[in-house]
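A short worksheet on the structure shown next.
Naming: A, B, ... by sequence-line order, numbering from 1 per chain.
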Protein chains: 2
Amino acid sequence: MSLYSEILEQPQRAAALLVSQKKLTLEIAAAIQQHNIQYVFLAARGTSDNAGRYANYLLGARNSLPLALATPSLFTYYKRPPKLKNALVMGVSQSGQSPDIVSVLAEGQRQGCLTLAITNEPESPLAAQADFVIDLQAGPEKAVAATKTYTAELLAIAMLSTALSESKKGWEELEQVAGWMEHALQQDAFIAERVQRYRYITQTVVLGRGYNYATAFEWGLKLKELTYIIAEPYSSADFQHGPIAMVDHGFPVMAVAPQGKVFDSMLETLQQLRHEIAAELVVISNDHKALSLAQTPIPIPAETPEWLTPLVSILPAQLFAYYLTLAKGYDAEQPRSIRKVTETH
Amino acid sequence: MSLYSEILEQPQRAAALLVSQKKLTLEIAAAIQQHNIQYVFLAARGTSDNAGRYANYLLGARNSLPLALATPSLFTYYKRPPKLKNALVMGVSQSGQSPDIVSVLAEGQRQGCLTLAITNEPESPLAAQADFVIDLQAGPEKAVAATKTYTAELLAIAMLSTALSESKKGWEELEQVAGWMEHALQQDAFIAERVQRYRYITQTVVLGRGYNYATAFEWGLKLKELTYIIAEPYSSADFQHGPIAMVDHGFPVMAVAPQGKVFDSMLETLQQLRHEIAAELVVISNDHKALSLAQTPIPIPAETPEWLTPLVSILPAQLFAYYLTLAKGYDAEQPRSIRKVTETH
C-alpha cells in the first residue's frame, strides 16, 4: 500500500518543505540575481521532466526567465555540450543517480555556471555536482511510480519562483497549498468508484495547457506506468494541429482545465470534443462550465490560484491512475519492466 | 493523389532548395556571429515543431548553440513573454499563419533580437516579422498532412548549421542528400505490401534518439493524422523511465535507429523489446544488427552520415503512414477534424 499512502501524505510533506527550505530558496534567488543569469538550462527525465515543464511556464510567466530543456545525449553520446554562458544549470531527479542528468550538471560546473540540484537524495552524485541543493525531504518513496517527490519538486520550483519575484502574496498563497491539496483528496471515494467505467479503456489522450501542460504529462505518465494504457499528453493547441484526428465517438479524453488565462482555450477544445465529436471526457477543474461538459467531472478547490493548480490537480489524477490500476487487476506497487532508479546515459 | 506525389517529389525539392538558399544561409550565419547570439529561441507547432527538435540536436552538437523551445501561450494568453536578450528568435511554419507563432517573432523584434522565419509562404504574417526569411520553395502542399515542407525545413536547418560551422565537408554531404532520399524511396513497393500486416493495429510507440528524436515525433504525427492510431513518440532513454511498462507480447513498436553516436543505446532498447518482451518491431536503419531484430526491416542507404539521416529516414516512414492509411480504408488527402492551416493562439 505504499503508493496509496504516499499519495495521501503529500499535503503534510508540502507543508513541511515550505517551512524547511524557504530560507535556502531565498539564498538561491540572491545568487541567481548576482550571476547575470539570462536563461535556465534544465536536465531531467520522466516525472522530474514533467516538473521541468512546470518550471518552463512558471519561471517564464512570473520571472521572465526563458528555459531550455537539456538534451542529455548531447553531453553523453555526442560529447558536444552546448556553450552555457549566462545559464543557470539545473538538474531535477528524485534519486539523483541517472548518469546523463549528472553529466549535464558536471558540464555546467566545468563551464563555470551557477548549478542547482533539486533531489530527494542530498548525498547523491547529482547533488555532489551542484552549488546549491534543494533537499525535497519527501521521505523514502517506496512505490516505483513517483507521486510525493513530484509534488515536492513542483513546490520547490514554485518557492524558487516566489523567492525570485520577492512576492509577499506568493508566499501567502504557498502557505495555503497544503489545505487545497487536502481538499482535493476528498474526491478519493468518488474516484475509487468511478474508475469502474474505464476498466476496459486501452488508450486515451491527456490535455492540459500553460501551467497544467505539466499535469497532462504527469497524469499520462502515471496511467502508462501503472495501467499500461496508451495515454498521450498534449497541449490543447498542439492537439488541434493534427492529433485531434485520432478522436472519435466515445474515445476517452482526460483534461486538466482549471480557471485561469488559458481556460477559454481549453474550454473551446472540450466543447468541440464533446459536442462535435462525442468524445468521453474526464475533467479535473474548478470551473462549472468545464466540469459540466464531462461524463466524469472531478472538482478541485475553487480558490486555488492558477499558478498553483498543478500542485493540486495532480492529486485526483494520481488517485485515478491508482484505482484504475486496481480495477484492471495490476500491481500498483511494482509495475512490469521498470525499476525505481533508472540509469540512462 | 497529392500526398503520394508530394512524398515522391522530395528529393528534387531538396536539390533545388540547396542551390537557391545557400547564399542566404551564409548571410544569416554571418549575422548570427555579429549579434553575440548565446542561444536560439524557437517557436513552432505540429510538423514544424518536429523540425525544431532536429534543430535542437543539430545546432547543439555542430554549433554549440543551446536551443529553447518557446511556449507560445506565455506570449498570447499569459502575455508574459520572457526576456530574450542575446537570443536568435526563430519561427518555423509551413503557412506562416498561426497567430501564436507570429506573436513570438513580433515580441523578438520588439525586444531588438535577431529574428528568422523559415516558411513556405514568404509573404505570410510570420515572414513580415522577421529580419531574415528562408523561403522553403517546396511548391504548393495540397495534402493536409505535411511531408515535403517538413524535409525542406530540416534541410534549411541543416544548411544554416553548415553555414555556421563553415564546413566544406558539410556542404559536400548536403549535395548528396537528394540521392540518398531517392535511394530510400526505393522501399516503396516493399512498404506498400508490408503494411497489410499492420491493418489492425490501433496503437504503437515510435522510438528515436539524438538527431532522430525528431523523426520519431514526425513518424508518430503522420500515423496519428492519417491512420488515427495512437502513436506516441519517445527517446529510447525517456521510454526506459516508465513508458516501457506499456509494451507487452506483440505490441507494435516503430523505431528509427541508423548508425551513429546513439546507435548502441537504441540497439540495447530494441534487443530488450524483442528478446525480453517479444514486441513486434518495425525498424528503419542502415545497420544490419538493428534491421535483423525487426519483423519489418526498412533499410536506408548505408553511407548516410548520422546528422543527415533524419532527412532520409522520414521518407519510408511517410510511405508507411500513407499505405497504412489506404489499407485501413481512410482518406489520405483529407483527414477528419483537421485543416491545412491551423490557427491557434
Side-chain angles (χ1 to χ4, degrees), chain A residues 38-39 41 45-47 49 56-57 60-62 64-69 71-74 77-78 80-87 100 202-203 205 209-210 213 221 224-226 228-230 232 235 237-238 240-248 261-262 265 277 335-338 342 344-345, chain B residues 38-39 41 45-47 49 56-57 60-62 64-69 71-74 77-78 80-87 100 202-203 205 209-210 213 221 224-226 228-230 232 235 237-238 240-248 261-262 265 277 335-338 342 344-345:
Chain A
Q38 290 180 9
Y39 69 103
F41 191 80
R45 292 263 182 220
T47 289
D49 201 23
N56 198 351
Y57 285 87
R62 297 178 86 230
S64 300
L65 268 176
L67 185 144
L69 288 171
T71 47
S73 68
L74 286 183
Y77 289 99
Y78 291 104
R80 294 296 305 266
K83 286 186 194 135
L84 299 169
K85 197 176 166 193
N86 297 121
D100 48 1
T202 57
Q203 46 193 39
V205 293
R209 201 173 176 190
Y213 187 55
L221 183 57
K224 285 182 278 200
E225 288 179 325
L226 290 166
Y228 313 134
I229 67 174
I230 304 275
E232 187 162 5
S235 92
D238 287 324
Q240 297 279 356
H241 282 260
I244 196 170
M246 291 182 303
V247 177
D248 205 350
K261 293 270 173 41
V262 293
S265 151
I277 303 178
R336 65 190 183 204
S337 310
I338 55 175
T342 310
T344 47
H345 294 268
Chain B
Q38 290 180 8
Y39 68 103
F41 191 79
R45 292 263 185 222
T47 289
D49 201 23
N56 198 350
Y57 285 87
R62 297 179 85 230
S64 300
L65 268 176
L67 186 145
L69 288 170
T71 47
S73 68
L74 285 182
Y77 290 100
Y78 290 105
R80 291 298 306 268
K83 287 186 193 133
L84 298 170
K85 197 176 165 192
N86 298 120
D100 47 1
T202 57
Q203 46 192 41
V205 294
R209 202 172 176 191
Y213 187 55
L221 182 57
K224 285 181 277 200
E225 288 179 324
L226 290 165
Y228 313 134
I229 67 175
I230 303 274
E232 188 163 4
S235 92
D238 287 326
Q240 297 280 357
H241 282 259
I244 196 171
M246 293 180 304
V247 178
D248 205 352
K261 292 269 174 41
V262 293
S265 151
I277 304 178
R336 65 190 184 205
S337 309
I338 55 174
T342 310
T344 46
H345 294 266

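We find the CG-NZ distance between A:Leu65 and B:Lys83 to be 8.0 Å, quoted to the nearest 0.5 Å. Taken from CG in A:Asn56 to CG in B:Leu74, the straight-line distance is 7.0 Å, to the nearest 0.5 Å.
Contacts between A:Ile230 and chain B at a heavy-atom distance below 4.5 Å involve backbone atoms as well as side-chain atoms. For A:Ile229, the part lying under 4.5 angstrom from a heavy atom of chain B is the backbone only. Neither the backbone nor the side chain of B:Tyr213 comes within contact range of chain A; no heavy atoms are under 4.5 Å apart. Interface remark: A:Thr202 contributes backbone and side-chain atoms alike to the contact with chain B (heavy atom separation under 4.5 Å). Only the side chain of A:Tyr39 comes within contact range of chain B, with heavy atoms under 4.5 Å apart. Proximity to chain B involves both the backbone and the side chain of A:Ile244, based on heavy atoms less than 4.5 angstrom apart.
Counting heavy-atom pairs under 4.5 Å between each of A:Pro243, A:Pro66, A:Ala237, A:Pro81 and chain B puts A:Pro66 at the top. Of the residues considered (A:Ala61, A:Gly60, A:Gly46, A:Ser265), A:Ala61 shows the highest number of contacts with chain B, using heavy-atom pairs under 4.5 Å. Most heavy-atom pairs under 4.5 Å with chain A, from the set B:Glu232, B:Lys224, B:Arg62: that is B:Glu232. The residue among B:Lys85, B:Glu225, B:Arg80, B:Gln240 with the most heavy atom pairs within less than 4.5 Å of chain A is B:Arg80. Taking A:Pro72, A:Ser64, A:Ala68 one by one and counting their heavy-atom pairs under 4.5 Å with chain B, the maximum is reached by A:Ser64.
Taking all atoms of both residues into account, the shortest heavy-atom contact from A:Tyr228 to B:Ala245 is CD2-O, 3.1 Å. Looking at every heavy atom in both residues, A:Tyr77 comes nearest to B:Arg209 through CE1-NH1, 3.2 Å. Taking both residues in full, the closest heavy atoms of B:Gly210 and A:Tyr78 are given as CA-OH, 3.5 Å, listed atom of the first, atom of the second, then distance.
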